[in-house]
Amino acid sequence: VGTASARGRWGPVADAVREEHLWAWRHYIERAWGADHIKPISGGREDFFVEGHSVGLSLVEAVDTLWLMEADSEVDRAVRWIVDHLDFDIDAPFQVFETNIRMVGGLAAAYHCTGDRRLLERAVDVADRLLPAFTRSPTGLPYRYVNLATGEVSGPETNIVEVGTYLAEFGVLSRWTGDQRYYDLAKQAMRVVHDKRSELDLLPHDIHAETGEWRNRRATVGPPGDSYYEYLWDGYRLFDDPELRQWYDTLTDAILAKQAERHAGLLWFPQVDAFTGEVLSREQSVLAGFYAGLLAESGHVAEGRAYHDAFTAVQDRFGVIPTSVDYTTMTATRVENALRPEYADSALALWLATGHEVFRERARTHFENMVATSKTRHGFAALADVTATPPSQGDTCPGYWWSEQMKYYWLLFSDTPRLDYRDHYLSTEANLLRGAKR
Ligand SMILES: O=C1NC[C@H](CO)[C@@H](O)[C@@H]1O
Ligand SMILES: [Ca+2]
């Protein structure tokens, strides 16, 4: 897999990332094979979507990471499980947003990397089971849940993330199958949200799928606002749709003008009232850290760098970024951290946009601190309290760990020949949907 010397001083870090991922993968195989999650402390297994109906989540999330790491025998092992065991005919309600970014995206990425059409067939199968959430909605805004076997829908009380984070996955399915329905349904939901923006061109985050009415006034670049903005830009980049760029620019210009502020020399994005611009909260979620990368990707490099500087101040203070902080006091308002990948996500995007080594240094710190605090008997554990000494762990490892930060680190440090570093696309779950070099 290339030699350390070929990769210069980052080679040993890349090797360490690959070794940790494969170490955790072996424990998953031995103790939780086919489960959604491994329980890394006890070595048990855990379902994510629906109790009693595992769909091999961690395995599906890991495939493209293993492929980029050239662990081809492990890719084959995972694909064999998917082909032999993965069946979505489950009479239970699945969350449409999570099923899309993780299962549709994971299977689509596995197909993109391996070229194995059986994986595309399964991505289409589960996507088709999600469509009633869109087609049965009077507004085109999808319901939150759909029964994968019966198509029964539920959960109209939703948000802009869960109605607006489909275009990357649905769009490549339309491109790869020729069926335009996926793209059109995903984009229409985004149009409905954009057209309901306030006079200030800001968006609240909670909305009702049946009435189309806003359910709150608060605007945020963190959850549950974040990936709606991300997928406007991503859709424009992936599919050259100028309307998406227009919507993205309108909303982003408003966020930068009315939802950003400097505090103690650092750039932050407070929560504001979308209709008046009044600041409602100066709490910042670790998940909002993705926005530094999105700003850099979309031409706002200085703001992206400045926002990453802000989260670097938090990482420097706590070692591992807490779930949320009050940035006026730099105190943790929620002390846990569920192995969140956003800081590494943005470090990769900023390094690709600028070539500045500082972002690889920052990501290396993120990796080393994660290993030091989360590594346990059978894998990597989420943290219950990053402020405890030592930080206390929880007996769970989220599916996105297998797809996100370990892939971001690998791409930052390995210079792998399997990625087109100039032209590729990673979804909000880091599923590789463009740029695999077979
Ligand atoms: O977009 C997302 N939001 C939450 C998870 C990571 O924190 C993950 O599922 C994904 O990155
Ligand atoms: Ca994300």
Side-chain angles (χ1 to χ4, degrees), residues 36-37 48-49 55 57-58 60-62 64-65 94-109 144 158-170 186 190 205 220-235 237-238 284-298 304 307-308 311 314-315 320-325 334 336-350 363 366 370 374 380-383 386 394 396-409 411 425-433:
D36 283 344
H37 288 167
F48 170 74
F49 291 98
V55 287
L57 173 64
S58 296
V60 170
E61 298 236 39
D64 63 345
T65 310
F94 273 63
Q95 193 174 354
V96 178
F97 162 71
E98 294 288 9
T99 306
N100 174 60
I101 65 171
R102 296 168 185 245
M103 300 308 287
V104 179
L107 290 164
R144 293 191 72 216
T158 184
N159 56 70
I160 65 174
V161 156
E162 296 192 55
V163 303
T165 310
Y166 301 90
L167 195 54
E169 296 81 6
F170 278 28
M190 301 177 96
H205 53 68
T220 183
V221 299
D226 46 13
S227 50
Y228 172 78
Y229 302 108
E230 182 177 8
Y231 271 31
L232 287 176
W233 176 258
D234 290 7
R237 278 251 288 103
L238 272 173
Q284 206 82 132
S285 162
V286 63
L287 282 85
F290 92 99
Y291 199 57
L294 178 60
L295 286 171
E297 283 170 3
S298 59
Y307 197 35
H308 205 260
F311 276 103
V314 180
Q315 176 168 267
V320 175
I321 299 168
T323 291
S324 59
V325 297
R334 285 183 56 188
E336 75 278 9
N337 181 303
L339 276 169
R340 296 290 180 181
E342 283 79 7
Y343 182 82
D345 183 354
S346 289
L348 173 61
L350 277 152
H366 191 265
M370 179 199 72
S374 282
F380 286 77
L383 297 181
V386 303
T396 187
C397 177
Y400 48 76
W401 181 85
W402 299 94
S403 181
E404 294 211 50
Q405 55 260 66
M406 298 309 277
K407 185 185 289 139
Y408 300 141
Y409 304 141
L411 298 182
Y425 172 74
L426 292 170
S427 74
T428 197
E429 191 79 3
N431 286 312
L432 186 68
L433 302 180

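Just follow the structure's listing: the first ligand is 1, and inside any ligand the first atom is 1.
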- prompt: Measuring from Asn100:CG to Thr428:OG1, what's the distance to the nearest 0.5 Å?
  reply: 10.5 Å

message: I'd like to check whether Glu429 has a polar contact with ligand 1, where a contact means an N/O of the residue lying under 3.5 Å from an N/O of the ligand.
response: yes

field: Stepwise side-chain hydrogen bond (donor to acceptor under 3.5 Å, both in side chains) check, Glu169 with Tyr231
entry: CA-CA 10 Å; Glu169 296 81 6; Tyr231 271 31; 2.7 Å; yes

field: Note, Tyr343 side chain near His308 side chain (heavy atom, < 4.5 Å)
entry: yes

task: Considering only non-hydrogen protein atoms, determine which one is nearest to atom 11 (O) of ligand 1 and report residue, atom name and distance to 0.1 Å.
output: Glu404 OE2, 2.4 Å

Ligand-side contact atoms (ligand 1) for residue partner Arg102, heavy atom cut-off under 4.0 Å: 9 (O)

task: Specify whether Phe170 and Tyr166 have parallel, tilted or perpendicular ring planes, treating 30° as the upper limit for parallel and 60° as the lower limit for perpendicular.
output: tilted

task: Sort out for me which residue in Leu339, Asn337, Val320 forms a side-chain contact (heavy atoms from CB on, under 4.5 Å) with Met370.
output: Leu339

- prompt: Got the closest protein heavy atom to atom 6 (C) of ligand 1, with its distance?
  reply: Glu342 OE2, 3.2 Å

message: Let me confirm one number: the CG-CD distance from Leu348 to Glu404, rounded to the nearest 0.5 Å.
response: 11.0 Å

- request: Heavy-atom contacts with Arg340 under 4.0 Å: which atoms of ligand 1 show up? List them by number with element.
  value: 4 (C), 5 (C), 6 (C), 7 (O)

query: If you measure only the distance, is there a donor-acceptor pair under 3.5 Å linking the side chains of Tyr228 and His205?
result: no

query: Leu287 heavy atoms, cut-off 4.0 Å: which ligand 1 atoms fall inside?
result: 4 (C), 7 (O)

Nearest protein heavy atom with distance in Å, relative to atom 1 (O) of ligand 1: Thr428 OG1, 3.0 Å

- prompt: Quick check: does Tyr400 get an N/O under 3.5 Å from an N/O on ligand 1?
  reply: no

query: Does any N, O or S atom of Thr428, backbone or side chain, fall under 3.0 Å from the Ca ion (ligand 2)?
result: yes

message: Is there a polar contact, in the sense of an N or O pair closer than 3.5 Å, between Glu98 and ligand 1?
response: no

query: Between Ile101 and ligand 1, which residue portion shows a heavy-atom distance shorter than 4.0 Å: side chain, backbone, both, or neither?
result: side chain

statement: Note: Pro341, heavy atoms under 4.0 Å from ligand 1, region reported as side chain

field: Approximate separation, where rounding is to 0.5 Å, of Lys407 NZ and Asp64 CG
entry: 3.0 Å

